[in-house]
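Worksheet: the structure to be examined is printed underneath.
These numbers were taken from a predicted model, which means no experiment stands behind them. Quick note: residue numbers are just sequence positions, from 1.
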Amino acid sequence: MSTDEPDGQDPDGQDPAANDPAEKDPAEIWGRRIGRGLGAVALVVLAWLLGRQLHLW
């Protein structure tokens with residue numbers, strides 16, 4: 001194994017995700033935003049339910 005290239009690195013130095021068409025797709029962008037928003041809401045609801053279960057409030 002070569003000592004000048006770390007493991008898992010592309011020898012040409014190119015990032016394969018750099019030309020990802022999903023970065024420009026509005027459906028992908030909004031899907032991520034909606035998913036992250038729903039995840040945040042679920043976290044708050046579950047934290048509230050846990051607090052009620054433990055009689056913290």
Hits for side-chain contact (heavy atoms from CB on, under 4.5 Å) against Arg52, two or more places apart or cross-chain, chain-then-number order -> Trp48, Trp57
Partners passing side-chain contact (heavy atoms from CB on, under 4.5 Å) against Leu54 (at least two apart in sequence or in another chain)
Leu50, Leu56
Calculate, to the nearest 0.5 Å, the distance between atoms CD and CG belonging to Gln53 and Leu46 respectively.
12.5 Å
Look at atom CZ of Arg33 and say whether more than 12 heavy atoms of other residues, nucleotides or ligands are closer to it than 6.0 Å.
yes
Are Val41 and Leu49 connected in a single hydrophobic cluster, I mean Ile/Leu/Val/Met/Phe/Trp/Tyr linked by side-chain heavy atoms less than 4.5 Å apart?
yes
